[in-house]
Each structure stands twice: as C-alpha cells, then as structure tokens.
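Right, one structure below, let's go through it.
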Protein chains: 2
Amino acid sequence: MTSKPRAPRSQRYNPASEDFHKEDFPFYWLNQVHGRYSVAVEKALKKVNLDIPRWRILFTLKEEGTCSVSQIAVHAIAKLPTVTKIIQRMKQDGLVDTRVRSDDGRVTEVMLTEKGINAVEDIRFITKDLFKQSFKGMTEAKIKRLNKLLEELFHNLPEHYS
Amino acid sequence: MTSKPRAPRSQRYNPASEDFHKEDFPFYWLNQVHGRYSVAVEKALKKVNLDIPRWRILFTLKEEGTCSVSQIAVHAIAKLPTVTKIIQRMKQDGLVDTRVRSDDGRVTEVMLTEKGINAVEDIRFITKDLFKQSFKGMTEAKIKRLNKLLEELFHNLPEHYS
DNA sequence: AATATTTACTTGAACATTCAATTAAAAATG
DNA sequence: CATTTTTAATTGAATGTTCAAGTAAATATT
C-alpha cells in the first residue's frame, strides 16, 4: 500500500525551511517578549539594588520555601556553579541564609531572611505597573490560553540533562 | 451616574495579588520555555563551536542583511558594548567582516562572510530536530494563535528605556 | 564659521557566568 | 566493612557582560 499524498503543510514557522519568516516562528516572538520583559524588569529591579538572577532566586524561595542549591538551579533555570556564587553574594547582602542539611552533609539549604522577605514585597510593588500594563486589553480567557500554549511548548522541549 | 459594580476579576496571574500562583502567570511559563529552549539550543550550538549570542547575530545578519552595530543590538536585544565585543570575537573567528560606512564615519557596518553564511546553514541543520520536536502535536492554527498572543504581549511591553 | 550637542561606537575596569577540576558526604557494590 | 561509585556543592581559571568614561564623526546652535 502506497502512502496517501498529504496536503503540503506550510513551513513558514520552520527555520530549516526555505520559506521561513521569523514573524511566524514562535521562538522569535518568545525571544522578543523575553528581551523586552527582561529589560523592563531589570530597570525596575535596579531601583532596589537587585538584578534578575537575585530576583529569580528570591521568588523561587518565596514560592518553594527552603531549597537546596540544586533545587534552586532547577527552578530558576540556572547552572549550579552560577547559583552557588549568586547565593554567596545574596548571603553577603543579607537576603538569604544557608545551613548544611542535618541529615545529609552534602546539601546546602538556602532560606529567605527577613530582609529577603521584605525585598520580595518591594519587588512586587515596583513591578506591579509593569505587569498590569503587560496584560492590558487581554481577557482572562486569553491569558489562560497563552499559559496553556506555553505550557504545551514547555513539555515538548527536552528536560535539561547533566 | 454611578459606575456599575464590576464582577471581581481573578488576580491569580497578578504577582502583586495575594492569590497569585506562578502557574497562572504567563511570564512564568515564558521564562520556563525560554530556559529549556536556551539550554537545548546552547547544547546544539556547542557542536559547531558557537553560542547563543553569536547565533543571534548570525541570524540577524541573515534576515536583515548588512547592519550597523546598533541595529544589531536592537534586533538581537543586546547591549551596545556587548555587541561590539561579540562582533570583535566573531570577526576573529572569521564569521563576519566590518567596514566603516562610507557616508558616515561613525557607523560600523557588519556583514556575513562566506564562513558566516555556512555557519547559518550548519545551525539550521543541527537545530532542525529540536524545532520539529517543539511543535509536535500542535496544529498550524495553534502556532499562529501562539504567535499572535506573544506579539500582543510584546506590543504591550515598553519599547525601550533611556 | 566656530562652538556646542548629539550620535555611534569603543574601551578599560568591575562584575558575572561557565567549564573543568576538586572536595566531601552518601549510597552502592563486592 | 572496605572500596568504588554517585551525588551535591564549591572553587579557580577562562570567558563573557556591563557600566561609566572616552573618542570621534555628524549635526545643531549661535
């Protein structure tokens, strides 16, 4: 049995294709949004003497509670040596504290300090307008749809390996 | 005339709200997708001795043709001194060439070399599977919808800062 | 036309990230 | 139960990014 000829699918969103156009490629828009978003957040964070890596770790700890260094690396999507060094800086800044896990001497547990908790609140306040502006004119259904689509893309992408 | 009482809108996607859940926040998923995507692309690029910044500039030049350093900075969403130095490295690697614009001595024009053009082709080849996998199970309509939503978000975000 | 301002880019120093190697604790194996 | 392997994190060297300051060309102002 010969295979049925399929209707030719558009390849406009496929970078390997000849008729590729970046505007039809979701990762193009993803990068563009991520770029603008990062610049805007960076600018806001500078006001409270913070940056994106520190902010990501603060929010990871706020959402997940006390974490090991490698758990933070997974949630904040950063490399382990990078996280180690950011944590060292954040500890110097008094934003987090660390201790060795009692039942496993290899793991370093990281937790928010009072100052760290306050920083999270400060950030919420200074980024409020940005997020409000970002979703202007978008219904809740639309936001939900966007979340679902991004989540779908996320699960299609390879989980990071060692 | 008094304003009509509005139904209370959910604030689950608003980080400043008390009932915030990161899974309902599009930028959470955006970051997650961006993270996995970057790790995957990074890994693929390493095979041809390239990295994401170089790749972004290669594709900018491929899409836009000869560009000034600051045009590249805009398209690749990077800072000007960063681009200057990446271009210097790429020039050493033989991927691009530069010249001073004839009618304006301040601007540095950057263009792809033969080696740069070949690199673009190599990258297309080695990332083909990744992109195919990324959109697995997604119809063209879905991809289009995702593009539209991301584009909408993009236009809501502030263009630049001074 | 001389001077000031703006634009485009580059540079050096400070800072951040990454890779490869290392330490040290826990778990698995013979 | 000693030894190997695995896991968790850290460190130092190399590399990359960013800020602030500087150069130089183009444009604007007086």
Side-chain angles (χ1 to χ4, degrees), chain A residues 34-35 38-43 45-47 49-57 60 66-93 95-111 160-162, chain B residues 34-35 38-47 49-58 60 66-93 95-111 160-162:
Chain A
H34 185 265
S38 300
V39 167
V41 168
E42 217 165 43
K43 194 194 168 194
L45 290 175
K46 208 172 280 177
K47 288 176 195 161
N49 209 33
L50 280 168
D51 54 24
I52 290 177
R54 270 172 255 246
W55 169 60
R56 302 246 282 211
I57 291 178
T60 298
T66 300
C67 279
S68 70
V69 175
S70 32
Q71 280 177 309
I72 293 173
V74 171
H75 282 107
I77 315 189
K79 270 133 197 168
L80 197 55
T82 312
V83 174
T84 294
K85 289 177 188 183
I86 300 171
I87 294 297
Q88 289 168 346
R89 283 179 248 142
M90 291 176 77
K91 201 178 171 182
Q92 290 208 318
D93 298 345
L95 294 166
V96 300
D97 209 351
T98 60
R99 66 165 172 240
V100 173
R101 182 173 292 169
S102 58
D103 64 341
D104 187 340
R106 296 167 303 177
V107 342
T108 304
E109 287 182 331
V110 186
M111 51 259 179
H160 52 294
Y161 19 69
S162 52
Chain B
H34 186 265
S38 301
V39 166
V41 169
E42 217 165 41
K43 194 193 169 196
L45 290 174
K46 207 172 283 177
K47 288 176 195 161
N49 210 32
L50 281 168
D51 53 25
I52 289 175
R54 271 172 254 245
W55 170 59
R56 302 244 283 207
I57 291 177
L58 286 175
T60 297
T66 299
C67 279
S68 72
V69 175
S70 32
Q71 281 177 309
I72 293 173
V74 171
H75 282 109
I77 315 189
K79 270 132 197 169
L80 197 56
T82 313
V83 175
T84 295
K85 289 178 187 183
I86 300 170
I87 295 297
Q88 289 168 346
R89 284 180 248 141
M90 290 176 78
K91 200 177 172 182
Q92 290 208 318
D93 297 345
L95 294 167
V96 299
D97 209 350
T98 61
R99 65 164 173 242
V100 174
R101 184 174 293 169
S102 57
D103 63 341
D104 187 338
R106 297 168 302 176
V107 342
T108 306
E109 288 182 330
V110 186
M111 52 258 180
H160 50 51
Y161 59 118
S162 52

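Reminder, nothing fancy here: chain letters follow the sequence lines and each chain counts from 1. Please read all numbers here as calculations on a predicted model, not as lab measurements.
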> Nearest-Å distance, CD1 (B/Ile87) to P (C/dA8)?
Replying inline: 17 Å
>> Using heavy-atom distances to pick each residue's nearest nucleotide on DNA chain C, tell me which of A/Pro81 and A/Asp104 is more 5'.
In response: A/Pro81
> Quick one: B/Leu80 CG to D/dT18 C1', roughly how many Å, whole number?
Replying inline: 12 Å
>> What is the distance, to the nearest angstrom, from the NZ atom on B/Lys79 to the C1' atom on C/dA16?
In response: 12 Å
> When the distance from CD1 of B/Ile72 to C1' of C/dT10 is rounded to whole Å, what number comes out?
Replying inline: 15 Å
> Charged N to carboxylate O under 4.0 angstrom, B/Arg54 versus B/Asp51?
Replying inline: yes
> How is B/Arg101 classified with respect to the nucleic acid when contacts are heavy atoms under 4.0 Å: base, sugar-phosphate, or nothing?
Replying inline: nothing
> Between atom CG in B/Asp51 and atom C1' in D/dT17, what is the gap in whole Å?
Replying inline: 12 Å
> Would you call B/Lys79 and A/Glu42 a salt bridge, taking side-chain N to carboxylate O under 4.0 Å as the test?
Replying inline: yes
> What nucleic acid atoms does B/Thr84 come within less than 4.0 Å of, heavy atoms only: base, sugar-phosphate, or nothing?
Replying inline: base
>> In this structure, how many angstroms lie between the C1' atom of C/dC19 and the NZ atom of B/Lys43, rounded?
In response: 16 Å
>> Regarding B/Thr108, tell me which of base, sugar-phosphate or nothing describes its non-hydrogen contacts under 4.0 Å with the strands shown.
In response: sugar-phosphate
> For B/Lys46 and B/Ser68, take the nucleotide of DNA chain C holding the closest heavy atom to each; which residue's nucleotide lies nearer the 5' end?
Replying inline: B/Ser68
>> Please determine whether any donor N or O and acceptor N or O are separated by less than 3.5 Å between the side chain of B/Lys85 and the base of D/dT15.
In response: no
> Are any of A/Gln88's side-chain N or O atoms less than 4.0 Å away from OP1 or OP2 of D/dT11?
Replying inline: yes
> The side chain of B/Arg106 lies closest to which of these nucleotides: D/dA25, C/dC19, D/dT6?
Replying inline: D/dA25
> Within this structure, what is the CG-to-C1' distance between B/Leu50 and D/dT15, rounded to whole angstrom?
Replying inline: 16 Å
> Donor-acceptor pair, B/Thr60 side chain versus B/Arg56 backbone, under 3.5 Å?
Replying inline: yes
> Separation of A/Ile86 atom CD1 from D/dT11 atom C1', in whole Å?
Replying inline: 16 Å
>> Quick one, B/Leu50 and B/Leu58 - any side-chain contact, counting heavy atoms below 4.5 Å?
In response: yes
> Considering only side-chain heavy atoms of B/Arg89, which listed nucleotide, C/dT18, D/dT17, D/dT10, is closest?
Replying inline: D/dT17
> Taking the side chain as C-beta and beyond, is there a heavy-atom pair between A/Ile72 and A/Cys67 under 4.5 Å?
Replying inline: yes
